[in-house]
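Input: a single structure, listed below in structure tokens.
Per chain, numbering begins at 1; letters A, B, ... match sequence-line order. Remember, it's a predicted structure, so these values are computed and weren't measured experimentally. Quick note: numbers below take in every heavy atom, side chains included, and nothing from hydrogens, waters or symmetry partners.
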Amino acid sequence: NAGVMQNPRHLVRRRGQEARLRCSPMKGHSHVYWYRQLPEEGLKFMVYLQKENIIDESGMPKERFSAEFPKEGPSILRIQQVVRGDSAAYFCASSSDRGWGTEAFFGQGTRLTVV
Amino acid sequence: QQQVKQSPQSLIVQKGGISIINCAYENTAFDYFPWYQQFPGKGPALLIAIRPDVSEKKEGRFTISFNKSAKQFSLHIMDSQPGDSATYFCAASIWGSNYKLTFGKGTLLTVNP
């Protein structure tokens, strides 16, 4: 049973470009959560999605960031017109319908560098 | 406003020693307190968690101590091993929305052989 798969592992973008981060949840998991880890900081919650629905986006920046989890395919975190401050590690986690608790697992993260 | 303060920032312990990491929280609505272990290049992995109905929880060499009145909780690693060397994060959330964790800044633990 493969774990949470994130790709790419490393992504370099120039200021003003778009970044697309992908997350494939564990088999049997239909809930996806995105977190951001800035340098020297703990992880910060961004968004919680179920298939085709955004459940909680209270941690998402108001502009340039969006997330989706389509019926088919991975969840996508999209950052438009990236700036240097977007450089961070982005982690997704997934869980079953039982919810978070001991049922949620993190992927290895995508490290975004904006140059 | 940082809602979960973690200390120390880094910790060096000899093999066989006890590692202690402390966290303090501000939001009295928090009622779920997990600890995560993260190795370089990997995602965080749940280590152990506690809810405020108990003051201590032990799983193998890992123990969480919880002090509700002081709004503090700590992780104790007994008989620390070099393989325990990692970054440890405490976190807190409200049960029912426990996916919305507030993390501390992390403690880099190094266990010397």
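Heavy-atom pairs under 4.5 Å with chain A peak, among Ser93(B), Pro34(B), Gly106(B), Pro44(B), at Pro44(B). For the set Arg9(A), Glu40(A), His31(A), Gln37(A), the count of heavy-atom pairs under 4.5 angstrom toward chain B peaks at Gln37(A).
Judged as a side-chain hydrogen bond (donor to acceptor under 3.5 Å, both in side chains), the pairs with a partner in residues 62-71 of chain A (not counting sequence neighbours) are, in order, Arg64(A)-Asp86(A).
Residue Ser95(A) does not touch chain B at all, counting heavy-atom pairs closer than 4.5 Å. Only the side chain of Phe89(B) comes within contact range of chain A, judged by heavy atoms closer than 4.5 Å.
Side-chain contact check for Gln81(B) versus Lys15(B): some heavy-atom pair is nearer than 4.5 Å.
Crowding of Lys42(B) atom NZ: a count of heavy atoms from other residues, nucleotides or ligands under 6.0 Å not exceeding 12.
Although no hydrogens or angles enter the test, the distance criterion places a donor-acceptor pair under 3.5 Å between the side chain of Ser94(A) and the main chain of Met26(A).
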